[in-house]
Structure formats: structure tokens, C-alpha cells
Participant: 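Sharing a structure with you now.
Worth knowing before you read on, the calculation uses all heavy atoms, side chains too, and leaves out hydrogens, waters and symmetry mates. Note that this is a predicted model, so its numbers are computed, not measured. Counting starts at 1 for both ligands and their atoms, following the listed order.
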Amino acid sequence: MKLIIEESGEAVAEFAARYVARRIRQFSPNPEKLFVLGLPTGSTPLGMYKKLIELHKKGFVSFRFVKTFNMDEYVGLPRDHPESYHSFMFQNFFRHIDIDPNNVNILDGNAEDLEKECAEYERKIEEAGGVELFVGGIGPDGHVAFNEPGSSLASRTRIKTLNADTIQANARFFENDLSKVPTQALTVGVQTVMDAKEVVILITGAHKALALHKAIEEGVSHMWTVSAFQMHPLVTFIADEDATLELKVKTVKYFKGLMAHHKKLIE
Ligand SMILES: N[C@@H]1[C@@H](O)[C@H](O)[C@@H](COP(=O)(O)O)O[C@@H]1O
């Protein structure tokens, strides 16, 4: 496991974008060999998307041969609702880059048969050869995608009922009106993300500090689903200073001591 500690959310975004762009370039995708990228929504990855768009516009990275799978989507929210994850992804990322819309996969929260939709999604990931790099964010309670506390660490794509904390956290996107926040979502499972060859988790802000502590300094627990990645062979947490507030000084010093080495990952 790597922990990258950057000064600010902006620097986290920069690191993440350069890391993702570099991975895609190194992979040299082509029509026969697409780079399969798992993507999150939320305010944390927004900066990364902005920087990736900049890198794309500068000609540093192309998404022509990239296939994406998003982590989650609300159930029952119209696809064109401004807060649907479909809208989020096209507004903030896809429409600014050269990705083929046919290579974009986002769960359909309005599918007639939601269980079938989830099973199909797993099948599509498998058919694509698995995810090369899954980028994720987390909730303050340590949930990854919509794998709320108590979710099985062996879970796969399925329907989840959102807990009160998540509904509360996401109310800011729905005029702070709890009644407007969807109560269910489709989400990849913890195991779906675990199956990716590589996982990168972005964590910013003091409100996520406890989650980062639980993610890396305590044991694996389904009550903090992000902690499952302790068992992943290739995982990188990219955090800002604020998110490290609950970590031991020793942990922070240890990882900061490795920063010169880790910076080489984005050179
Ligand atoms: N389903 C999403 C998660 O995938 C995301 O990581 C989390 C944090 O969002 P933010 O980055 O806005 O704090 O929000 C939602 O619950």
C-alpha cells in the first residue's frame, strides 16, 4: 500500500490526474487493447477530472481507447437530472475529452430489472478483461462507491439502500432537502473493486480523517468498507494534509519520508 500525502485538495487532484494519465500512456491502448478505467463521482474527484481534461487538451493523454465503468448510480433519478451520475460524468468529464461514448459504462438506475442490470454490469466488466485501474473516493463513514458500513466485503454489483449518513451527506446536492435525495442506488461491490488490477483512492478534508485512519491503521472491517483494500496487492491512497489528522504522527512521517520516491510515479 502507498499513501501519498499532498498539501491540498488541489495537489491531490494534480497527483491523481497525472498518475492516471501516465498509466494510460504507459499501457499504450489501441483498438484491440483498451485501457479499462473505473471511475467515481463526488466532489473529491472533480479536480482530478479538470486536470485530466487539461492534460488531454495539451495532448498528453487520449481517451480514444479507454473504456470506463462508473462505480454507482442512483435508483429512480431520471438520467438527465442534473444530479444523476450520468449527468455528472458527461458534464464534468466525458464531453470534454475524446472518449467514444460507446465505451462509457454507467449503471442504469432506471432499468426495468435492476438485478439483471447489475448482473449485466459484472458481465461487461469481465468481458472487457477486468478493470486495469479503479479510482475511487470515500464517504466520511468509509464507504466506497455505495458500499455502506456493514456491506459484505465479498459483494458484487447490486442494489443498495442508502443509510441516513449518506443521505445527509448527499443532501447538499439536492437543495439540502433530505426528501429529494434518492434512497437507493446501484453500486459495484467491494469485491468488484478488489478485482481491479490496481486501486487508487482519493481522500480529502478533515471530515474524512477518521475514515482514512480506519482505512489504513486498523484492521479490515466491513464497517469501514474502504479498509478492504488493505488486502489489495496494488493500492494507493492519495490524501491531503487535512485527511491525515487522525493518523499517528509516526504513520504520517513514514509516508512523507517516501514522498520523494513516490513523486517519481508522476514524473
Ligand atoms: N457514492 C458516492 C461515493 O462514490 C463518493 O466517494 C462519496 C463521497 O463524495 P465526496 O467526494 O463528494 O465527498 O459520495 C457518494 O456517496
Participant: Given N147, which of H222, K160, R158, Q191 fulfils the side chain to side chain donor-acceptor pair (under 3.5 Å) condition?
Facilitator: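 One option only clears the test, and that one is R158.
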Participant: What residues form a ring-ring contact (aromatic ring centres under 6.0 Å, His included) with F35, not counting sequence neighbours?
Facilitator: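 Scan of F35 (ring-ring contact (aromatic ring centres under 6.0 Å, His included), adjacent residues dropped) gives F27.
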Participant: Please collect all side-chain hydrogen bond (donor to acceptor under 3.5 Å, both in side chains) contacts where either partner lies in residues 254-267, sequence neighbours excluded, each pair once.
Facilitator: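 Those involving residues 254-267 are E6-K263, E241-K256.
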Participant: List, ordered by chain and residue number, the protein residues whose closest non-hydrogen atom lies under 4.0 Å from any atom of ligand 1.
Facilitator: G42, S43, T44, D72, Y85, G137, I138, H143, A145, F146, N170, R172, K208
Participant: Looking at E83 and K180, is there a salt bridge between them, counting it only when a charged N and a carboxylate O are closer than 4.0 Å?
Facilitator: no
Participant: Once ring-ring contact (aromatic ring centres under 6.0 Å, His included) is applied, what residue pairs with a partner in residues 158-216 remain, sequence neighbours excluded?
Facilitator: Y74-F174, H81-F174
Participant: What are the two closest heavy atoms between L202 and A16, and how far apart are they?
Facilitator: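 Closest approach of L202 to A16, heavy atoms only: CD2-CB, 3.7 Å.
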